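We name chains A, B, ... by the order of the sequence lines, and we start the count at 1 in each one. Computed from a prediction, not measured in an experiment: that's the story for all the values here.
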Amino acid sequence: MEKYNHKKIEKKWQEKWEKEEPYKAEDFSNPPAGGEKSYLLVEFPYPSGDGLHVGHPRPYIGMDVIARKRRAEGKNVLFPIGWDAFGLPTENFALKTGKHPKDVTRDNTDNFRRQIQMLGISFDWSREINTTQPEYYKWTQWIFLQMFKKGLAYKASVAINWCLSCKIGLANEEVVDGHCERCGGETEKRQKEQWMLAITKYADRLDKDLDDVNYLEPIKIQQRNWIGKSEGAELDFAIAPQGRTSFVASSSPRNDLFPQSIKVFTTRADTIFGATYMVLAPEHALVQELKTQITNFDEVEKYIEDAKKKTEIERTAEGKEKTGVELKGVKVVNPANNEEVPVFIADYVMAEYGTGAIMAVPAYDERDREFAEKFSLPIVESELVDVDEVIKKVKGEKVIKYKLRDWVFSRQRYWGEPIPIIHCGECGPVAVPESDLPVELPEVEDYKPTDDGESPLVKAESWVNVKCPSCNGDAKRETDVMPNWAGSSWYYLRYTDPANNEAFADAKNLKYWTPVDWYNGGMEHTTLHLLYSRFWHKFLYDIKVVPTHEPYQKRTSHGLILAEGGEKMSKSKGNIVNPDEVVENFGADSLRLYEMFMGPFDQAISWSTDNMVGVRRFIEKVWRLQEKVDVEKGLSSGNEVDGDETLGSILHSTIKKVSDDIEAMKFNTAISILMILVNEMEKKEEVSKENYKILLVLLAPFAPHVAEELWEKVGNDSSVLDQVWPKYDESKIVKDTVSIAIQVDGKVRASIEISVGEAEEKVKEKALSEEDVKKWTEGKKVEKVMYIKGRIISIVTN
RNA sequence: GCCGGGAUGGUGGAAUUGGUAGACACGCAAGACUUAAAAUUUUGUGGGCGCAAGCCCGUGUGGGUUCGAUUCCCACUCCCGGCACCA
């Protein structure tokens, strides 16, 4: 027998797979044996310069096991891969080295592709996509334009994160604890014109439609929390008349312009009798409108300025210490009891949420209480009243608010999809005609943003200056690019028809393949990526270009693989385990088996190279088993379970457990029962060819290379990939006799062998006559004897 | 603070969802093979007492429900992840 040589075997089969493309998914194909389509998706990676570490492939391997099993079950499996390649790290690398981001991306994807292929993942490489290719981002831009046309993409002045030392705008995710992710400097909020996408218009559906999909419960919970639906009421508090006597006295027309009331949002309208003051956000527009009435406006203005200037760090450092200023000269009337109450501005009220104003009820709200105590305001234990009655009485309105904010879609960067808009002095922002798509990224000399934080694209003058598509006058291109979430918001649609030039995908392909049947990805993408792509998908559904209202039927998450010490793997910590080395030393099959065996798929777990020898030994055991197989003997085709009764029960329960566990992502226990089966086979003088073949089919999803090699060795012409997934016989799993435990007063004292069908009375009788049982029941009265069929007998004495 | 997830031998973990806790694997110990080592292999391996049969304890802590609890309920401790003044 030749020794198991992982290098030789893995190279041989990978070359074969590359040539023969057995994993290619066929559009509209109707595979045999209950074959339906099965679209399995993993999050496509960002090809960083560091290459893969052993944590990356965990989800690929897990989904690969499922893909391989489902193919064997006769399903038409689509299991694609691509590259989410726009983004900052590539741009930063280009900035540092002067190498074009396009070239950086190409080198990195080449390396990633090599590493993934080395693991024998059964991706359909014929559908590989890359978000940075113009043929791809043409359609990212096209979708943006449809949103623009429907008014869902708009420009607004919003507060962005500004790095004080880099002097550039940062995305939220680039700010860590108030510090710039790149330079570690402090950040503050700045107002800037940005493209926004109106995701909040979809907030209710994004929340409600979670009922229709099969996501793991924690994923749904996290999405719901992020959307932050809350039901409450908007109530008007009239501005007290004495504050505006001058206006009332005069018959000035300006009186009509003067605000009459302030609207608050509350979820506790029932506490309105305890509302002893009101608070507005410092940015609230009414503060400026009431300027003439506010007697201490200097003080107020100073507070507003200070609030604006505060950096994130300062705000965090101050903790929950409340600050604020009263708007002297302004009072409002509590509509429930007609009492006048004072008005404050304070930064604990957010301008963007609700109405930017609250009625403060210090008796029931901790934050209001804290503020009231600091400013010596009355705290009134009020009577609670019926919410509906209050709303009716004060002429309020029931409303639903969401924490979800519109999506800031602009980045003042280079390496992203150009936003396909042209700004014209006459016509305003105009969509680039669809026939002119894609708007390709121009060449620039320097990828650095300008000093005032504009995109490096402003320096590409010949690209920027164009004619207005509408009036043909002089106009300028939008120089902001899209965030890296854009390309990943719809990529799963492109896989269904990746080379289409007429549409992002043909309607027939979409109808056949979508929705994605199973999407696995990291928990860290649950709030942003998952929500963004659900939003885009719903929009595409509304404009009738996709057939389903949700993109993903099922969503699961994998746990991170941590370094041996339990810390996250990172280049800076120098604790990265490189899969190249692991594959070199142990082989891809061992790496695959180990990652599936090391622990529950959805939990974080520390890497341990020491523990890898276990699965390697297992593979070698399977390898050596070939010696126990008589190749000449037995059937040469099919994989019927044979009549070897000594293996019968374990064989059938292995088929059942492996089948069930793979679908439940309990890969670790699937492998453990395969190990038990192999240990049993090892004890035998001879293993039948049929049973060995079953073992190989069950093993193939986990360790495809060695399974193929052994399949060939035991004398089968066809590939293990062409085999039908074995079926188990429930009746063969059940054993004739079973050992059951006998408890006396809650403690196990003996166990007896009984035949499965044995009558209850007989079993009880048998149990009570056991010597080890008598010992414990002697001299006591047996009160009760319970028999839980096939499991346990419980005897209770007094 | 809020929302998730978790805690089981020396280690990673398993437990038919209320029914013999510790499957499978790593490590360790002793033996076999070998001139020797590696590889392989056999046996043992939760803790305590005992020559042994066996007994007692044991799933983060404290209580509860039950014939029976790792599993259900109540209170708490610690660890990991996310959000964070959202009215």
Side-chain angles (χ1 to χ4, degrees), chain A residues 3 216-222 224-226 228 230 232 264-269 271 275 279 281 315-316 318-322 346-361 364-368 370-371 401-405 523-524 526-527 557 559-560 562 566 568 593-594 597-600 602-615 617-618 620-621 624 653 657 660 666 668-676 678-679 682 739-751 772 775 783-797:
Chain A
K3 234 184 122 193
L216 289 180
E217 207 48 41
I219 298 176
K220 285 193 185 184
I221 290 168
Q222 215 170 302
R224 289 214 155 96
N225 287 349
W226 190 264
S230 94
V264 300
F265 173 68
T266 178
T267 54
R268 293 294 310 272
T271 64
V279 187
R315 223 174 265 184
T316 322
E318 280 168 15
K320 288 188 167 66
E321 179 71 16
K322 298 284 179 293
D347 64 3
Y348 82 93
V349 172
M350 310 288 124
E352 316 87 57
Y353 184 73
T355 61
I358 61 158
M359 62 175 209
V361 188
Y364 292 97
D365 186 287
E366 235 183 275
R367 297 152 303 184
D368 294 344
E370 212 184 304
F371 189 86
K401 298 283 181 192
Y402 299 90
K403 282 183 205 171
L404 188 68
R405 304 285 154 75
M523 204 66 197
E524 71 275 20
T526 305
T527 46
S557 283
L560 283 180
L562 307 167
K568 260 192 183 177
L593 269 170
Y594 176 59
F597 182 64
M598 64 197 298
D602 57 351
Q603 263 172 48
I605 192 158
S606 298
W607 180 265
S608 163
T609 302
D610 286 349
N611 284 346
M612 279 208 52
V613 299
V615 292
R617 280 179 196 155
F618 168 65
E620 290 185 1
K621 267 188 205 175
R624 284 197 305 270
S653 43
K657 191 158 175 58
D660 294 349
K666 290 160 83 174
N668 52 336
T669 49
I671 293 169
S672 114
I673 196 154
L674 283 171
M675 286 172 166
I676 293 171
V678 167
N679 289 344
E682 218 186 12
S739 152
I740 63 166
I742 307 169
Q743 286 187 344
V744 181
D745 293 330
K747 292 205 165 158
V748 177
R749 297 301 183 185
S751 73
D772 285 339
K775 208 164 85 187
E783 295 246 308
K784 235 198 294 187
V785 181
M786 268 166 294
Y787 175 47
I788 315 298
K789 197 169 185 298
R791 302 234 191 272
I792 206 161
I793 293 169
S794 188
I795 299 167
V796 189
T797 69

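Across the protein-nucleic acid pair, A:Glu366 atom CD and B:C85 atom C1' stand 10 Å apart, rounded to whole Å. For A:Ile605 and B:C26, the CD1 to C1' distance is 12 Å, given to the nearest whole Å. For A:Trp226 and B:G4, the CH2 to P distance is 17 Å, given to the nearest whole Å. One interatomic measurement links the two molecules: CG of A:Asn611 to C1' of B:C28, which rounds to 14 Å at whole-angstrom precision. To the nearest angstrom, P of B:G1 lies 17 Å from CG of A:Asp365. For A:Lys403 and B:G82, the NZ to P distance is 17 Å, given to the nearest whole Å.
A donor-acceptor contact closer than 3.5 angstrom is absent between the side chains of A:Asn225 and A:Lys403. A side-chain donor-acceptor contact under 3.5 Å links A:Tyr353 and A:Ser230. Of the N and O atoms on the side chains of A:Ser557 and A:Asp602, not one donor lies less than 3.5 Å from an acceptor on the other residue.
The C1' atoms of B:A69 and B:G60 are separated by 16 Å, rounded to the nearest whole Å. A distance of about 32 Å separates the C1' atoms of B:G50 and B:U41, rounded to the whole Å.
Listed candidates were B:A15, B:G27, B:A87. Nearest to the side chain of A:Arg617 is B:G27. Of the candidates B:C55, B:C3, B:A87, the closest approach to any side-chain atom of A:Lys775 belongs to B:C55. Picking from B:G6, B:C55, B:A87 the nucleotide with the shortest atom distance to the side chain of A:Gln603 gives B:G6. Proximity note for A:Tyr348 (side chain, C-beta onward) versus B:C85, B:C26, B:C57: the nearest is B:C85.
Stretches of at least 3 consecutive Watson-Crick or G-U wobble pairs, with each checked distance under 3.5 Å, appear in RNA chain B as B:1-7 with B:77-83, B:10-12 with B:24-26, B:27-32 with B:40-45, B:46-49 with B:54-57, B:60-64 with B:72-76.
Within a 6.0 Å sphere centred on CD of A:Glu524, heavy atoms belonging to other residues, nucleotides or ligands number more than 12.
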Quick one: what's the B/S/- string for nucleotides 19-24 of chain B, heavy-atom cutoff under 4.0 Å, read 5' to 3'? BB--BB

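Using a 4.0 Å heavy-atom distance criterion, A:Lys747 is classed as a sugar-phosphate-only contact. Base contact: A:Arg405 has a heavy atom under 4.0 Å from a base atom. Across all strands, A:Thr266 comes closer than 4.0 Å only to sugar-phosphate atoms, never to a base (heavy-atom distances).
Between the side chain of A:Asp347 and the main chain of A:Ala281, no donor-acceptor pair closer than 3.5 Å is present.
Taking 4.5 Å as the limit, some side-chain heavy atom of A:Glu682 sits within range of a side-chain heavy atom of A:Arg624.
Nearer to the 5' terminus of RNA chain B, by closest-nucleotide assignment, is the contact made by A:Lys666 (compared with the other of A:Lys666 and A:Ile795). Position along RNA chain B of the nearest nucleotide to A:Lys784 versus A:Ile358 favours A:Lys784 as the more 5'-ward residue.
Qualifying salt bridge (charged side-chain N to carboxylate O under 4.0 Å, His left out) partners for A:Asp365, counting only residues two or more places apart in sequence or in other chains: A:Arg367.
Taking both residues in full, the closest heavy atoms of A:Asp772 and A:Arg749 are given as CB-O, 3.7 Å, listed atom of the first, atom of the second, then distance.
In summary, the aromatic rings of A:Trp226 and A:Tyr402 are positioned with their centroids too far apart to meet the 6.0 Å limit.
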